[in-house]
Every structure is written in C-alpha cells, then in structure tokens.
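Residue numbers begin at 1 in each chain, while the letters A, B, ... track the order of the sequences.
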Amino acid sequence: MPRVRKRPAGAARPDKKGPKGKRTKTDNQGEASAKVENSSLQETSASKDCGKNLSSYWLMKSEPESRLEKGIDVKFSIEDLKAQPKQTACWDGVRNYQARNFLRAMKLEEEAFFYHSNCREPGIAGLMKIVKEAYPDHTQFEKNSPHYDPSSKEDNPKWSMVDVQFVRMMKRFIPLAELKTYHQAHRATGGPLKNMALFTRQRLSVQPLTQEEFDFILSLEEKEPS
DNA sequence: GCCAACGTTGGC
DNA sequence: GCCAACGTTGGC
C-alpha cells in the first residue's frame with residue numbers, strides 16, 4: 001500500500017520526495033469499508049483500555065530504492081528519515097482509505113515499524129514514533145505531486161498524513177522472508193504472527209499490529225537470522 | 001520484468 | 001448494485 005512516502009515534516013518544508021503513496025480515490029464506499037476494518041482492529045483494544053492508555057502499534061511501508069513517479073523520485077528509506085532535521089518527516093502520499101483511516105487513528109508517541117517495500121530486500125528496518133497526529137496531506141493539492149488528487153477540495157481534504165520521528169534501527173534487519181516463515185508456522189500453531197496484516201492484507205501500506213505481534217517481532221532482534 | 005492480488009472505475 | 005476492465009502494489 002501501499003506504500004507511502006513522505007517528506008520532511010514539520011512545518012515548513014516539504015521536500016520533495018513523495019512517499020509512496022498510492023493512489024486511489026473513491027469515496028464513500030472506501031470510507032465506509034475502511035472504517036469498518038479499523039473498528040474491528042482498533043476498537044477492540046480501545047474498549048479494553050477504556051480509552052485510556054491505549055497504545056497501538058503500526059507498520060508503515062516506504063520504498064527505499066529510487067523509483068520515478070510522474071518524474072519524481074518516491075524513494076524514502078529509513079536512512080532518509082534519519083537524515084531529516086530532527087529525524088522527523090511527514091508521511092505523505094497515502095491514497096487508500098483504509099490506510100488513511102489508520103493514519104487518523106494514530107496517537108502521539110505510538111510506535112511504528114519502518115518497513116522497506118518494493119526493493120531488493122523487503123523487511124523491517126527500524127522503529128519510529130508518531131510525533132504529530134493526522135492533518136491534511138498537502139500533496140493532494142499539488143499538481144506536480146505524484147500524489148495529486150484533483151478530486152480533493154481544500155475545504156474538505158480527503159487525505160491525511162502524520163509526522164513520524166526516527167527512534168532507532170532494528171538491531172538487525174528483519175527480512176520479509178523470515179516474517180513470512182513465522183507467519184506460516186504460526187497459522188498452524190496459533191502463534192503471534194498468525195494474522196499479521198502484512199500477509200493477510202497484502203497491499204495495505206499502513207497497518208496496525210497487535211501488542212503480541214509487535215513484541216514477537218522485537219524478540220526476533222535477539223535471535224539469529226533464521 | 002513478470003504477474004498475482006486486489007482496489008477502483010464505469011457501463012449497464 | 002453487479003461486475004468486467006483496468007490500474008496499482010509489491011514480492012519474486
């Protein structure tokens with residue numbers, strides 16, 4: 001899913017990379033279905049926590065290798081994030097309703113895995129955190145952006161983004177292939193990755209992780225690559 | 001570069 | 001509202 005891409009954050013300077021984003025547009029229907037999914041995934045934990053202290057975990061995809069979209073390079077790797085001022089960037093370019101609704105559900109300080117997609121070695125590269133909650137993605141109004149959406153109006157923006165800040169690299173890169181091996185094994189044994197969205201919602205560029213999924217993936221850092 | 005998965009579009 | 005055509009995602 002997506003994919004996403006981003007740019008620098010903050011306030012004033014957009015950069016030029018576009019995140020991955022994707023495209024899309026639709027509307028109501030997309031919104032409705034996205035909502036449903038979101039609620040099934042997130043409200044469960046919300047209701048448990050009664051709205052307090054609830055913490056969610058996320059996985060966000062970005063392409064670490066150069067690729068031109070409308071003549072603009074959408075590359076944005078974790079190294080690129082690390083190189084930004086304050087190691088912070090806005091995650092622009094998400095153009096899928098379901099992914100957008102997850103962006104809108106993100107809360108300050110929640111943690112997200114930075115996933116490298118569409119590249120030589122796909123997988124989880126590091127950790128970042130949400131430092132600004134959802135606000136309008138300006139690239140939807142920029143004609144030259146690969147993620148321009150002529151159907152979106154300034155007074156009612158369709159697409160959102162959040163700001164993320166680099167936290168750390170994974171102690172070792174966790175390849176997609178390794179996660180997939182666990183996912184498959186866990187489907188049989190009922191282990192923590194049995195329903196991981198990376199495999200069950202293939203094209204979703206912004207996705208939630210359960211506490212169990214998040215903890216299990218962190219535990220892999222300490223293990224030898226399998 | 002191929003192509004499966006899957007979201008979106010648009011005719012009807 | 002169905003569904004075939006189409007476009008994109010993203011692994012391999």
Side-chain angles (χ1 to χ4, degrees), chain A residues 1-6 17-41 58-81 91-104 112-126 137 139-140 144-153 157-161 170 173-187 193-209 213 217 220 225-226:
Chain A
M1 148 210 340
R3 303 173 146 203
V4 163
R5 261 18 179 97
K6 80 213 341 20
K17 319 190 128 269
K20 326 186 132 234
K22 300 308 33 294
R23 67 174 12 348
T24 282
K25 337 218 121 204
T26 317
D27 328 345
N28 294 329
Q29 204 216 3
E31 307 231 12
S33 61
K35 271 274 173 209
V36 169
E37 301 246 7
N38 189 10
S39 53
S40 59
L41 283 154
W58 309 98
L59 180 147
M60 300 166 78
K61 301 178 183 177
S62 186
E63 300 185 33
E65 295 174 3
S66 289
R67 187 172 64 80
L68 298 186
E69 232 175 272
K70 284 170 74 173
I72 295 174
D73 193 355
V74 297
K75 164 185 187 291
F76 193 81
S77 69
I78 194 165
E79 298 296 341
D80 294 321
L81 174 60
W91 203 267
D92 64 12
V94 171
R95 296 293 182 270
N96 168 282
Y97 284 104
Q98 201 178 331
R100 179 203 69 181
N101 291 348
F102 286 131
L103 288 176
R104 291 182 177 180
F113 285 125
F114 194 123
Y115 178 88
H116 282 173
S117 68
N118 200 20
C119 57
R120 187 76 72 59
E121 208 184 10
I124 295 173
D137 176 346
T139 64
Q140 68 197 303
N144 295 330
S145 168
H147 306 118
Y148 175 59
D149 182 355
S151 73
S152 184
K153 302 295 173 238
K158 232 179 231 192
W159 306 112
S160 300
M161 63 186 182
M170 297 303 278
F173 182 83
I174 310 291
L176 172 65
E178 181 175 345
L179 294 169
K180 185 183 283 181
T181 299
Y182 283 112
H183 166 66
Q184 286 169 349
H186 290 183
R187 273 196 306 184
L193 299 194
K194 64 176 184 298
N195 296 129
M196 191 180 180
L198 193 57
F199 306 104
T200 60
R201 316 302 327 260
Q202 217 172 346
R203 296 173 46 187
L204 190 59
S205 66
V206 176
Q207 47 184 262
L209 278 80
E213 288 165 345
I217 292 166
L220 295 178
S226 56

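Summarising the geometry, the separation between CG on A/Leu198 and P on C/dG10 is reported as 9 Å, rounded to the nearest angstrom. Protein atom CZ of A/Arg100 is 15 Å distant from nucleotide atom C1' of B/dG7, rounded to whole Å. Between the C1' atom of C/dC12 and the CD atom of A/Glu65 lies a distance of 13 Å, rounded to the nearest Å. Remark: P of C/dG10 and NZ of A/Lys75 are 18 Å apart, rounded to the nearest angstrom. Rounded to whole Å, the distance from CD on A/Gln98 to C1' on B/dT8 is 14 Å. One atom, CD of A/Glu178, and another, P of C/dC12, lie 14 Å apart when rounded to the nearest Å. Protein atom CZ of A/Arg201 is 6 Å distant from nucleotide atom P of B/dG7, rounded to whole Å. Straight-line distance from the CZ atom of A/Phe199 to the C1' atom of B/dC6: 17 Å, rounded to whole Å.
Looking at A/Arg67 and A/Glu69, a side-chain N of the basic residue comes within less than 4.0 Å of a carboxylate O on the acidic one, giving a salt bridge.
In this structure, the separation between CE on A/Met60 and CD1 on A/Ile124 is 13.0 Å, given to the nearest 0.5 Å.
In this structure, A/Tyr97 does not reach the B/dC6 phosphate: none of its side-chain N or O atoms is under 4.0 Å from OP1 or OP2. For the OP1/OP2 pair of C/dC12 and a distance below 4.0 Å, the side-chain nitrogens and oxygens of A/Lys180 include at least one atom meeting the criterion. Here A/Lys61 reaches the OP1 or OP2 of C/dG10: one of its side-chain N or O atoms lies under 4.0 Å away.
A/Trp91 pairs in a ring pair (Phe, Tyr, Trp, His ring centres under 6.0 Å) with only one of the listed residues (A/Phe114, A/Trp58, A/Phe102), which is A/Phe114. Across A/Gln140, A/Arg95, A/Lys158, a single residue satisfies side-chain hydrogen bond (donor to acceptor under 3.5 Å, both in side chains) together with A/Ser152, and that is A/Gln140.
Of all nucleotides listed (C/dG11, C/dG10, B/dG7), B/dG7 comes nearest to the side chain of A/Asn96.
Under the 3.5 Å distance criterion, the side-chain polar atoms of A/Gln207 are matched with a main-chain donor or acceptor of A/Leu198. A donor-acceptor pair is defined here as one N or O able to donate and one able to accept, closer than 3.5 Å; such a pair exists between the side chain of A/Lys70 and the backbone of A/Ser145. No donor-acceptor pair under 3.5 Å is formed between the side chain of A/Asp137 and the backbone N or O of A/Met161.
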Using nucleotides 3-5 of chain B, report all nitrogen or oxygen pairs with the protein that are shorter than 3.5 Å.
residue, atom, partner, partner atom, Å
B/dA5, O3', A/Gln202, OE1, 2.7
B/dA5, N3, A/Arg203, NH1, 3.4

